[in-house]
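Values below: every heavy atom of this structure, side chains too, minus hydrogens, waters and symmetry copies. Counting starts at 1 for both ligands and their atoms, in listed order.
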Amino acid sequence: MLDYLVRNACLHGENGLVDIAVKGGKIVEIAKAISTEAPSFDASGQLISCGFVESHLHLDKACILDRAKNETGTLAGAISAVANAKSGFTEDDIYRRGARVIEKAITEGTNAIRTHVEIDPGIGLAGFNAVKCLKEDYAWAMDIEICVFPQEGLFNYPGTEELLREALENGADLLGGCPYMDTDPNGQILRLFEMARQYDVDLDFHLDFDLDGSWRHLDEVARQSIAFGWQGRVMIGHVTKLSVLPKAELEDTIALMRDAGIGLTVLPATDLFLTGRDHEHSVPRGVAPAHKIAHHGVCCTIATNNVLNPFTPYGDCSLSRMANLYANVSQLSTQAELENCFAMIADAPAKLLGRSTKIAVGEAASFIILPAQSRAQVVSEISRPVWGMKDGRVTFEHPAAKLFRP
Ligand SMILES: [Zn+2]
């Protein structure tokens with residue numbers, strides 16, 4: 001006896017429709033016209049896919065536009081607005097705002113998140129403790145990886161390192177960095193690599209978040225990644241400086257990232273909102289060319305970053321919208337280009353978080369149904385998932401829209 005059956009699903013790269021049988025949280029059979037009395041969902045020829053994966057999302061500072069305003073529209077304006085609002089954050093308040101974001105993300109087809117949590121003596125471990133509770137309470141629909149990081153600097157804010165260590169000893173999954181906020185950026189990079197080695201965790205930096213091509217921290221991160229043997233365990237986010245590099249310099253940088261085993265996350269909503277504010281006209285886009293970098297075998301992902309806060313006063317937690325935004329701003333249109341954008345919200349971040357993306361017998365029954373026939377169509381039409389399952393349990397469903405003709 002099966003637990004559940006998904007009927008008439010379209011598998012990426014396959015001809016014809018299949019039924020997918022689920023038992024004990026796993027896929028136990030994929031075949032045409034499986035007969036069963038078990039409950040079922042008719043995909044009606046729509047695309048089945050692994051869930052989307054957020055590789056970079058701030059749950060602790062989401063949904064705070066009612067109390068934090070970015071007066072200048074710049075990165076500095078966003079950081080100071082959040083720093084001021086943070087003194088009023090409580091565990092309860094962070095939990096409620098984070099839950100709102102997670103519930104939106106579930107219904108947009110996301111089933112895993114790497115969340116960046118701010119740690120410093122001001123906020124203490126309140127954000128970390130709230131996110132730990134969210135991780136436990138939403139495990140039925142969402143796998144959450146917690147990345148703790150010093151948003152307001154490490155060496156310039158005594159007490160921060162001790163708190164980061166406390167979090168790492170109490171369930172944080174990895175360590176983030178923000179060297180541009182530190183009085184000693186290279187010192188922060190070195191200390192974080194030392195801590196990563198001590199706790200055996202991956203690293204994920206906020207890095208090079210402006211359009212000045214004359215200096216950057218990427219070279220130091222690459223140098224330490226090789227020195228510590230941490231290749232394949234380091235991500236960098238934003239890196240908007242990459243968007244201003246001429247072709248030859250970009251090629252050298254891609255080679256550097258590949259040799260150092262460093263991956264890139266672009267956050268198009270935030271990068272577009274904050275960068276280029278000193279331009280009155282011909283405003284640069286400031287989105288790193290992830291598709292060009294991914295083409296050379298570097299792990300590249302697209303993520304939401306912020307929802308309804310001074311860094312990004314928008315947000316629906318839709319990764320298909322984020323992939324579309326990236327494709328639009330990067331002027332991508334071919335089938336292959338759009339499929340690569342899909343991979344940057346599904347396959348690449350899933351691999352980063354150590355997850356399988358296969359729809360195959362023996363794999364976890366964790367997938368979504370998208371109203372499309374191809375991955376490219378999902379990106380071009382911003383397809384909203386209609387139904388999702390995690391580990392054999394249905395997690396959400398959007399009823400189809402109805403037209404009432406005259
Ligand atoms: Zn971020």
Pair up each side-chain donor or acceptor in residues 163-179 with any protein partner under 3.5 Å, not counting sequence neighbours, and list the distances.
{"from": "Arg165", "atom 1": "NE", "to": "Glu161", "atom 2": "OE2", "distance (Å)": "3.1"}
{"from": "Arg165", "atom 1": "NH1", "to": "Gln198", "atom 2": "OE1", "distance (Å)": "2.8"}
{"from": "Arg165", "atom 1": "NH1", "to": "Tyr199", "atom 2": "OH", "distance (Å)": "3.4"}
{"from": "Arg165", "atom 1": "NH2", "to": "Glu161", "atom 2": "OE2", "distance (Å)": "3.0"}
{"from": "Glu169", "atom 1": "OE2", "to": "Tyr199", "atom 2": "OH", "distance (Å)": "2.8"}
{"from": "Asn170", "atom 1": "ND2", "to": "Glu166", "atom 2": "O", "distance (Å)": "2.7"}
{"from": "Asp173", "atom 1": "OD2", "to": "Lys135", "atom 2": "NZ", "distance (Å)": "3.0"}
{"from": "Asp173", "atom 1": "OD2", "to": "Ile146", "atom 2": "N", "distance (Å)": "2.8"}

- Message: For residues 100-135, which residue pairs pass the ring-ring contact (aromatic ring centres under 6.0 Å, His included) check, not counting sequence neighbours?
- Response: His56-His116, His58-His116, His116-Phe149, His116-His206
- Flag the pair Arg197 and Asp200 as a salt bridge only when some basic side-chain nitrogen lies within less than 4.0 angstrom of an acidic carboxylate oxygen. no
- Item | Note: Glu118-Lys86 ion pair, threshold 4.0 Å (strictly below) | yes
- Less than 2.8 Å from the Zn ion (ligand 1) is the window; count the protein N, O or S atoms in it. 4
- Could you pull out all residues at least two apart from Leu65 that satisfy side chain to side chain contact (heavy atoms under 4.5 Å, CB included)? Leu308, Pro313
- Task: State, without any angle test, whether Ser225 and Gln231 hold a side-chain donor-acceptor pair at a distance under 3.5 Å.
- Result: no
